[in-house]
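Contents: one structure, followed by commentary.
A note on names: the letters A, B, ... follow the listed sequences, proteins ahead of strands, and every chain is numbered from 1.
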Protein chains: 2
Amino acid sequence: MPLIIENIEKHVTLSPEEKELFLSKTEIKHYKAKSILLNSGEICKQSYFVNSGVLRSFNINDNIVEQVLNFASEGWWIADMYSLISKKPGNLFIEVIEDAELVLLSKENQEQLYSEIPKLERFFRILTENSLVAHQERLMDNLSLSAEERFEKFCKRYPNLIQRIPQKQIASYIGVTPEFFSKMKAKLLRK
Amino acid sequence: MPLIIENIEKHVTLSPEEKELFLSKTEIKHYKAKSILLNSGEICKQSYFVNSGVLRSFNINDNIVEQVLNFASEGWWIADMYSLISKKPGNLFIEVIEDAELVLLSKENQEQLYSEIPKLERFFRILTENSLVAHQERLMDNLSLSAEERFEKFCKRYPNLIQRIPQKQIASYIGVTPEFFSKMKAKLLRK
DNA sequence: TTTTGCACTTAACCTAGATTAAGAAGTGTT
DNA sequence: AACACTTCTTAATCTAGGTTAAGTGCAAAA
């Protein structure tokens, strides 16, 4: 059973025909590390579901500093939600961090699927709700926890990601400079 | 036409019967400023749509500092999404800032409505998507803008809220102390 | 094999914003 | 009118985390 179907069936149940219809609207592609799937200024026309590998989304402020928004590994979806739903150019990049096998679902096919299999509307509603809750929590953490506490939370929540992502990108995700992150890590190890 | 129906019809179209069915599942209530609609530790069983007035959601870290998550005025929804969808006790408070008329929609009725009027599943999906995008942007802003820039953005985005909310709550929303906010505001006025 | 270029570290110095504390000014209650 | 209570301000002092800069280690070109 493909990972993406397992993923969907955590929230809604599909008949064999529905599964087949769904899969027929998707496409599997392989990408090497460092591939850019989406550039700032482009319109995001796909969602990506990760079968294997690691990706990240980020933007570049004032053409200088990379700011990581999200990571995605096995079983996660990634896209530029703003651009995807508004159909306007976004400011996110999506990049492959570790060689990846991805399931591509175009916005167009996704919308067709909403009509053909109404349960999928529910599935994506639930997916979006969960993502919203996670982002709200991260926002509150950034407003009220220290860098050290945010890092500890990151470690607990994504223990398997830490070894697979360059340290400076984790620094960016939790909202500190690579230099400070390095200092903080050394301090934590000393304990 | 009730504000809440106008709000829904920005995204999906309802027949007169559907409108009536929807409204029959909601309840209108009036609350005075300072009423607490939800306490930390309680399970959130309702969403609130604001006809008039202003509310906020916040949590209290370490039993000391209030951290504002969201404001809601006319035409906005507010709830503790984490608690609402997980049906577990949340850590948010929801409080009335300015006397309010609210439309209450219980989680139970909301779920019934999903079955009875599938279009509402779409409506709430879109609502959640928009909220997710807004939270993602706010998260990125908190990670890469200065307090002054965040305040300016807040002023542009919610010009009508500024006069209706205690300044210390705006400070909390953008992530600074009331003292620093006061200093910053004085500096901006001097310009 | 050298070279180029990242990723990471270390350290000195700097600053945005926090903390503490005190007073002013408004608001509602009795 | 006097009270308590809260919001807002101002100012001195402090610190988490940023900035700058130099150096190390390593992997991929060439």
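- Cation-pi geometry between Arg125(A) and Phe123(B) is not satisfied (NZ or CZ under 6.0 Å from the ring centre, within 45° of the ring normal).
- Using a 4.0 Å heavy-atom distance criterion, Lys187(B) is classed as making no nucleic acid contact.
- Between Lys185(B) atom NZ and dT7(D) atom P there is a gap of 14 Å when expressed in whole angstrom units.
- A donor-acceptor contact closer than 3.5 angstrom links the side chains of Gln110(A) and Tyr114(A).
- Salt-bridge check for Glu74(A) with Arg164(A): passed, with a basic side-chain N closer than 4.0 Å to an acidic carboxylate O.
- Residue contacts shown for Lys34(A) are absent, as no nucleic acid heavy atom lies under 4.0 Å away.
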After noting the C-alpha distance and the side-chain angles of Arg56(B) and Phe71(B), does the key distance pass the side chain to side chain contact (heavy atoms under 4.5 Å, CB included) rule?
CA-CA 4 Å; Arg56(B) 67 166 174 148; Phe71(B) 297 113; 3.7 Å; yes
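- Between the CG atom of Leu189(B) and the C1' atom of dC8(D) there is a distance of 13 Å, rounded to whole Å.
- Taking each heavy atom of Leu38(A) and Leu92(A) in turn, the nearest pair found is CD2-O, 3.8 Å.
- For the pair Arg157(A) and Phe154(A), the cation does not sit on the ring face, since its NZ or CZ is not both under 6.0 Å from the ring centre and inside 45° of the axis.
- Stems are defined here as 3 or more consecutive Watson-Crick or G-U wobble pairs with pairing distances under 3.5 Å; those involving DNA chain D are C:1-27 with D:4-30.
- With 3.5 Å as the limit, one finds a donor-acceptor pair spanning the side chains of Ser15(B) and Glu17(B).
- Between Glu98(A) and Lys32(A), none of the side-chain N atoms (NZ, or NE/NH1/NH2) sits under 4.0 Å from a carboxylate O, so this pair counts as no salt bridge.
- Enclosure of atom NZ in Lys45(A) is not indicated, since only 12 or fewer non-hydrogen atoms of other residues, nucleotides or ligands lie within 6.0 angstrom.
- Within residues 159-172 of chain A, no residue has any heavy atom under 4.0 Å from DNA chain D.
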For nucleotides 13-19 of chain C, tabulate all protein N/O to nucleotide N/O atom pairs closer than 3.5 Å, reporting atom names and distance.
{"from": "dG17(C)", "atom 1": "OP1", "to": "Ala147(B)", "atom 2": "N", "distance (Å)": "3.1"}
{"from": "dA18(C)", "atom 1": "OP2", "to": "Thr177(B)", "atom 2": "N", "distance (Å)": "3.1"}
{"from": "dA18(C)", "atom 1": "OP2", "to": "Thr177(B)", "atom 2": "OG1", "distance (Å)": "3.2"}

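- Using modelled atom types and a 3.5 Å distance limit, the side chains of Gln46(A) and Lys107(A) yield no donor-acceptor pair.
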